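What follows is one structure encoded as structure tokens, with my remarks underneath.
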Amino acid sequence: MTLLKLHDLLLECYGPQHWWPARTSFEVMVGAVLTQNTAWTNVEKAIANLHTAQAMEAEVILHVPQRRLAAWIRPAGYFNVKTKRLRNFCAWYVARGGEKKLRRVDTAVLRHELLSINGVGPETADDILLYAFHRPVFVIDAYTRRLLSRLQLAAGDEPYEHLREHIETRLQGETRGQRETVSLYNEYHALIVRHAKEFCRPRPRCEICCLARRCPTAAV
DNA sequence: ACCCAGGGTCATA
DNA sequence: TATGACCATGGG
């Protein structure tokens, strides 16, 4: 089993996932912060509140009273923490001149700057790089570690950067250009998340049987 | 009542 | 470097 074959198997099983679900790339970034350790259905409610309030905008998020912002994003949980994180991100976003300017910044520089924001860790930064800026960065979450670990494609407990380099290197030879790499990484992460949801409920089953749609307990 | 979700920070050893 | 506490809502 190679990493590319795993992707093909997941794609065959679940089909294209069309990530990231959002109207704009700024909404992707906001969603990336709000979804930290939080069910996406809860994030959707928070995002809907922001749209209703005409607040899906960096300047609004920055200048509205803190309690009002907290009220809008409340369904996403950790609202006190995430209010500050959202503001930290928006402060950087505005100071950096917005999306137009940011589009031309080198990926490594962009990644370093994102990681320097309090409240933006490696997974959130990579979500933003891949799904908002369309950069060839592989996103790693707990699902990725568990799946690759169980299929013995990785140890599972290695440092984030190590695992990312490992995966990107192993997929590098399989693709031709950057655009192809971006769309591969895009689908791959989305499919892993999709598979995790499928796999976890109602209870964990055999990963490989599940992937082949031949899980003996699939009907349970 | 309990468990988890599309993580990250900070204090401590 | 590596644990552990903490953050908080909503659905199964």
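Not measured: the values here are computed from a predicted model. Numbered from 1 within each chain, the chains take letters A, B, ... in sequence-line order.
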Hey, does [X] reach any base, or is it just sugar-phosphate, or nothing, if we go heavy atoms under 4.0 Å?
X        : value
A/Leu34  : nothing
A/Asn80  : sugar-phosphate
A/Val139 : nothing
A/Arg74  : sugar-phosphate

By nearest-nucleotide position on DNA chain B, the 5'-leaning member of A/Arg146 and A/Gly119 is A/Arg146
In this structure, would A/Ile128 and A/Val81 fall into the same cluster of hydrophobic residues linked by side-chain contacts under 4.5 Å?
no
Rounded to whole angstrom units, what separation is found between the [atom1] atom of [X] and the [atom2] atom of [N]?
X        : N     : atom1 : atom2 : answer
A/Glu198 : B/dG6 : CD    : P     : 13 Å
A/Asn42  : C/dT9 : CG    : P     : 10 Å
A/Trp72  : C/dA8 : CH2   : C1'   : 20 Å
A/Phe199 : B/dG6 : CZ    : P     : 15 Å

Verify the stacking flag for A/Trp19 against B/dG6: centroid separation must be under 5.5 angstrom and the ring planes must differ by under 30 degrees.
yes
From [options], nucleotide with atom closest to [X] side chain:
X        : options              : answer
A/Val193 : B/dG6, B/dA5, B/dG8  : B/dG6
A/Gln36  : B/dG8, C/dA8, B/dG6  : B/dG8
A/Asn37  : B/dA5, B/dG6, B/dG8  : B/dA5
A/Lys45  : C/dG11, C/dA8, B/dG7 : C/dG11

Using a cut-off of less than 4.0 Å, is there contact between a side-chain N or O of A/Asn118 and OP1 or OP2 of B/dC10?
yes
Comparing A/Thr41 and A/Thr38 on DNA chain C - which has the more 5′ nearest nucleotide:
A/Thr38
